[in-house]
Amino acid sequence: MKLFSETAKKKRHRSDSIDSLANFRQNLPVYAYRTELLRAIRSPKIVLVTASTGSGKSTQIPAYLIDSEHVMAVTQPRRVAATTLAQRVAHEHQGIVGHQIGYRVRFDDCTRSDTQLTYVTDGMLLREAMVDPLLRKYSIIFLDEAHERSLQTDILLGVVQRARKSRQQSYSRRPLQIVVMSATLQVQTFEDFFGKENVVRIEIPGRQFPVQMLYTSVPAEDYMEATLATILQIHTHEEAGDVLVFLPGQEEIEDLATLLRGNTVSQLLANGVLICLLYAALPPEAQLAAFAEKPEGCRRKIILATNIAETSVTLPAIRYVVDTGKHKLRQILATGMDSLTVESVSQAQAAQRAGRAGRIGPGLCFRLYTEDAFERLDPDSLPEILRVGLAQVILQLKGMGVQDPTTFDFVTPPDTSSLVRAAKLLYALGAVNDAMELTDYGKKLAKLPLDPVFGHLLLKSAEYSCTSEMLTAVAVLSAENVFYRPTTGEVIAKAAAAHRRFASHEGDLPTFLNVYQAWEREASYHSRVLHGEWCQRNFVSGRSLGRAYHVRQQLRSTCLRPAEKNGLGMDVNVTCGKDRESFLKCAAAGLFLQVASRTKAETEIDSRGNETVSIHPTSTMFGRHPAPACVVFTELVTTKKTYIRGVTQIREEWLHEVAPVFYPK
DNA sequence: CTCTCCCTT
């Protein structure tokens with residue numbers, strides 16, 4: 001099978017030689033726009049900078065204003081971007097990161113009181129806005145990667161706009177300048193948001209090598225088969241160069257890897273081909289191969305990746321991209337149900353994927369769909385704010401003094417039904433009163449960097465004397481992917497056996513406690529290296545548990561800090577010890593809105609909306625006969641079936657005791 | 001009989 005009749009136009013551009021640092025900076029596309037940029041930033045108008053990859057916008061533009069009177073923040077959607085950009089800019093200015101130029105991300109503050117330019121995550125700046133909604137510390141805020149339309153960036157756009165207007169109204173205050181940096185496609189959205197008369201647009205060309213697009217002539221019926229055929233075609237007909245393949249998820253990646261390593265195919269590929277896998281849940285040591293130099297004798301690397309390779313990580317030396325045009329998308333449906341399904345990507349996303357082939361030289365992108373199909377794709381991806389539950393966002397906004405979220409200036413306003421659903425949840429938790437005003441309890445919840453339901457679970461622990469245990473449970477829940485589950489090979493059984501040793505018959509929350517406590521014991525007895533071995537042997541993610549550890553420390557300190565110092569003044573060491581019933585009752589009290597009970601079929605479970613759901617196969621409660629009579633769960637999501645995850649057994653009669661308003665009688 | 005990715009003083 002050969003899907004692509006056209007082959008590469010054999011033309012090679014010479015890549016740039018390495019310049020000195022000063023030359024390097026002056027040769028960046030953005031340098032030619034220096035004067036224009038500075039004039040725009042000093043003007044009273046908001047600046048919209050559009051530039052694609054390789055222009056140097058994120059490192060250079062803020063740095064042009066270093067040594068001025070300005071105090072600046074540059075926001076990034078991802079932690080790694082914030083930290084590495086700060087390090088690079090500090091280096092380019094012969095400085096040490098954390099002095100004049102620094103970064104601030106969760107768990108890691110690398111700034112001083114006199115830091116002039118701080119790279120931050122958008123979430124971090126949002127937290128700062130909860131303390132000071134006018135963001136008085138800053139005179140310029142750069143919102144980078146705004147075209148990604150992440151939830152946090154979108155909210156921040158409204159928050160900085162609000163701060164700017166409010167500071168304009170008072171002459172005594174320093175004005176706030178806003179610079180939005182985005183890829184070209186979304187610029188109209190931002191111009192509409194701020195108003196055409198209020199903005200200056202500056203367009204900077206990127207510096208990317210050309211990428212030639214190839215489409216299939218007929219629609220590929222099976223994208224797995226099409227992917228396999230295309231990889232073989234590239235390997236046999238195209239010259240040297242690494243291949244990056246975009247697939248929807250772990251399952252497809254591992255299946256394809258098995259096919260590629262299979263006898264027939266590996267003979268076709270011949271020797272010297274290295275298959276690398278790349279998805280977020282893959283252990284770091286298994287991810288390394290994708291980033292490392294090719295080993296001796298290896299002629300071509302084929303990387304099978306999820307959309308992690310779209311924006312989150314940069315892979316060196318990619319010359320060929322194979323795009324299935326598919327990704328997994330999580331979204332809330334009109335019914336309020338969460339779904340996670342394979343969907344087509346947008347044109348903007350397809351362009352981003354193709355661009356990964358043009359970083360070192362001219363590239364080729366094999367799209368496993370017709371050009372016609374491409375034209376029919378949505379131009380832009382759906383902004384995250386339209387796809388997720390908004391309870392936490394509404395809580396944050398109320399914490400900033402936005403009483404009525406419908407009056408908030410959203411870049412794209414969410415549906416009223418979505419706002420209503422979030423408001424109902426906050427009301428049920430007691431975070432807002434009948435007038436939809438934040439209650440004292442709501443103010444407490446807003447202090448916790450957690451989903452309000454998990455915050456509620458944690459705060460309830462004081463009543464059930466299990467705060468130490470709940471701190472651990474919500475920390476592990478926030479970390480995700482604690483158990484590593486390979487999907488192919490003989491390790492499946494090994495992993496399952498290892499996981500079984502942590503399993504509690506009471507359900508997933510107690511199981512999380514078991515694995516965290518075992519890991520922590522190991523950490524105090526052994527060196528880091530042994531600790532890593534312990535994780536590998538038990539198929540648990542050291543990375544996730546490490547994250548859970550940091551989250552737990554942070555939550556613990558917020559809970560411990562007295563109320564007058566913006567904390568919650570709780571006794572964080574209170575523990576239920578061997579008394580599991582207190583812990584399970586607390587789970588019931590915290591998750592009282594997420595209850596399911598056994599139906600007559602005895603294998604399936606009926607959730608509160610009288611809808612039949614199944615226990616997710618990753619749950620320790622999966623496959624129990626008979627199914628538990630009554631459970632609470634942390635997550636409800638539809639894939640091929642509707643599943644509940646984070647399942648914990650409770651007694652139905654507890655419900656009246658723990659949530660009498662909702663379970664009268 | 002199986003979840004894409006990211007983030008929070």
Side-chain angles (χ1 to χ4, degrees), chain A residues 75-82 104-109 111 118 120-132 137 145 148-156 246-255 278-282 305-313 324 326-331 338-343 345 349 381 384 387-388 392-393 395-396 399 446-452 454-455 478-481 483 485-488 492 495-496 547 550-551 553-555 557-558 561 565-567 603 614-619 622-623 635-641 643 645-646:
Chain A
T75 72
Q76 294 294 323
R78 284 166 292 280
R79 291 167 58 93
V80 266
R104 194 158 52 245
V105 298
R106 191 181 189 184
F107 314 128
D108 196 1
D109 182 353
T111 59
T118 311
V120 292
T121 48
D122 341 66
M124 183 60 74
L125 202 60
L126 266 183
R127 278 277 148 188
E128 283 181 37
M130 283 182 75
V131 179
D132 177 15
K137 199 155 112 192
E145 313 290 4
E148 286 186 22
R149 305 296 312 274
S150 81
L151 178 64
Q152 316 256 32
T153 316
D154 265 20
I155 299 297
L156 206 49
F246 284 101
L247 290 152
Q250 174 178 358
E251 194 186 350
E252 291 86 349
I253 287 173
E254 297 208 7
D255 286 354
L278 192 60
Y279 50 89
L282 192 71
T306 60
N307 46 11
I308 193 171
E310 238 169 58
T311 49
S312 309
V313 299
T324 57
K326 300 289 175 190
H327 67 156
K328 277 195 182 164
L329 188 71
R330 191 174 177 138
Q331 56 190 136
D338 248 334
S339 81
L340 183 73
T341 48
V342 176
E343 306 285 349
V345 299
Q349 222 178 331
S381 305
E384 193 181 1
R387 298 181 0 236
V388 298
Q392 198 178 359
V393 164
L395 193 64
Q396 270 183 328
K447 286 177 188 172
L448 295 166
L450 286 172
D451 183 282
F454 291 166
S478 329
E480 289 185 306
N481 293 329
F483 294 108
R485 288 166 234 272
T487 64
T488 49
I492 296 177
R547 202 159 49 217
H550 285 295
V551 172
Q553 292 289 97
Q554 189 182 47
L555 292 173
S557 97
T558 303
R561 210 177 315 129
K565 287 186 178 168
N566 205 27
T603 49
S614 305
I615 294 176
H616 197 274
T618 55
S619 169
F622 176 76
E635 204 179 353
L636 176 68
V637 61
T638 303
T639 53
K640 281 169 192 153
K641 284 165 81 173
Y643 289 107
R645 302 183 73 214

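All chains are named by letter (A, B, ...) in the order of the sequence lines, taking the proteins before the strands, and each is independently numbered beginning at 1.
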- Query: How would you label the contact of Arg104(A) with the nucleic acid (heavy atoms, under 4.0 Å): base, sugar-phosphate, or nothing?
  - Reply: nothing
- Could you check whether Gln250(A) gets within reach of a base, just the sugar-phosphate, or nothing at all, counting any heavy atom under 4.0 Å? sugar-phosphate
- Rounding to a whole Å, what distance do you find between Arg127(A):CZ and dT8(B):C1'? 5 Å
- Check the distance between dC6(B)'s C1' and His327(A)'s NE2 and give it to me in whole angstrom. 15 Å
- Task: Would you mind classifying the nucleic acid contact of Thr618(A) as base, sugar-phosphate or nothing, using non-hydrogen atoms under 4.0 angstrom?
- Result: base
- Message: Nearest whole Å is fine: how far is dC5(B) P from Leu282(A) CG?
- Response: 10 Å
- Query: What residues, two or more places apart in sequence or in another chain, satisfy salt bridge (Lys or Arg N to Asp or Glu O under 4.0 Å) together with Glu254(A)?
  - Reply: none
- Query: Could you state the CD-C1' distance from Glu310(A) to dC5(B), rounded to the nearest angstrom?
  - Reply: 9 Å
- Message: Heavy atoms from C-beta onward define the side chain here; which of dT4(B), dT8(B), dC1(B) lies closest to that of Asn307(A)?
- Response: dT4(B)
- Does OP1 or OP2 of dC5(B) have a side-chain N or O of Thr306(A) closer than 4.0 Å? yes
- Query: Under the salt bridge (Lys or Arg N to Asp or Glu O under 4.0 Å) test, which residues partner Asp451(A), sequence neighbours left out?
  - Reply: none
- Item | Residue closer to the 5' end of DNA chain B, Val637(A) versus Ala129(A) (nearest nucleotide) | Val637(A)
- Query: Rounding to a whole Å, what distance do you find between Glu384(A):CD and dC7(B):C1'?
  - Reply: 9 Å
- Query: Can you tell me how far C1' of dC7(B) sits from CD of Gln396(A), to the nearest Å?
  - Reply: 10 Å
- Under 4.0 angstrom between Tyr643(A) side-chain N/O and dT2(B) OP1 or OP2: yes
- Side-chain N,O (Ser312(A)) to OP1/OP2 (dC5(B)) below 4.0 Å: no
- Note on the structure: What one should report as the nearest heavy-atom pair of Glu384(A) and Leu151(A) is OE1-N, 2.7 Å
- Message: The test is side chain to side chain donor-acceptor pair (under 3.5 Å); show your working for Arg106(A) and Gln554(A) and say whether it passes.
- Response: CA-CA 9 Å; Arg106(A) 191 181 189 184; Gln554(A) 189 182 47; 2.7 Å; yes
- Task: Consider the side chain of Ile308(A), meaning its heavy atoms from C-beta on, and name the nucleotide among dC7(B), dC1(B), dC6(B) that approaches it most closely.
- Result: dC6(B)
- Considering heavy-atom distances to DNA chain B, does Met124(A) or Leu340(A) have its closest nucleotide positioned more toward the 5' end? Leu340(A)
- Message: Check this one for me: any side-chain N or O of Thr311(A) less than 4.0 Å away from OP1 or OP2 of dC6(B)?
- Response: no
- Glu635(A) near the nucleic acid: base, sugar-phosphate alone, or nothing, with a heavy-atom cut-off under 4.0 Å? base
- Length of the line joining Arg485(A):CZ and dC1(B):P, which is rounded to integer Å: 17 Å
- Query: If you look at every strand shown and take non-hydrogen atoms under 4.0 Å, does Leu126(A) touch a base, only sugar-phosphate, or nothing?
  - Reply: nothing
- Query: Taking NZ, NE, NH1 and NH2 as the nitrogens, is one of them in Asp338(A) or Arg330(A) under 4.0 Å from a carboxylate oxygen of the other?
  - Reply: yes
- Does any N or O in the side chain of Lys326(A) come within less than 3.5 Å of the main-chain N or O of Val345(A), such that one atom is a donor and the other an acceptor? no
- Starting at CZ of Phe246(A) and ending at C1' of dT4(B), how long is that distance when rounded to a whole Å? 13 Å
- Query: Quick one: which of dT4(B), dT8(B), dC7(B) gets closest to the side chain of Arg78(A)?
  - Reply: dC7(B)
- Message: Taking any heavy-atom pair under 4.0 Å as a contact, classify Arg330(A): base, sugar-phosphate, or nothing.
- Response: base
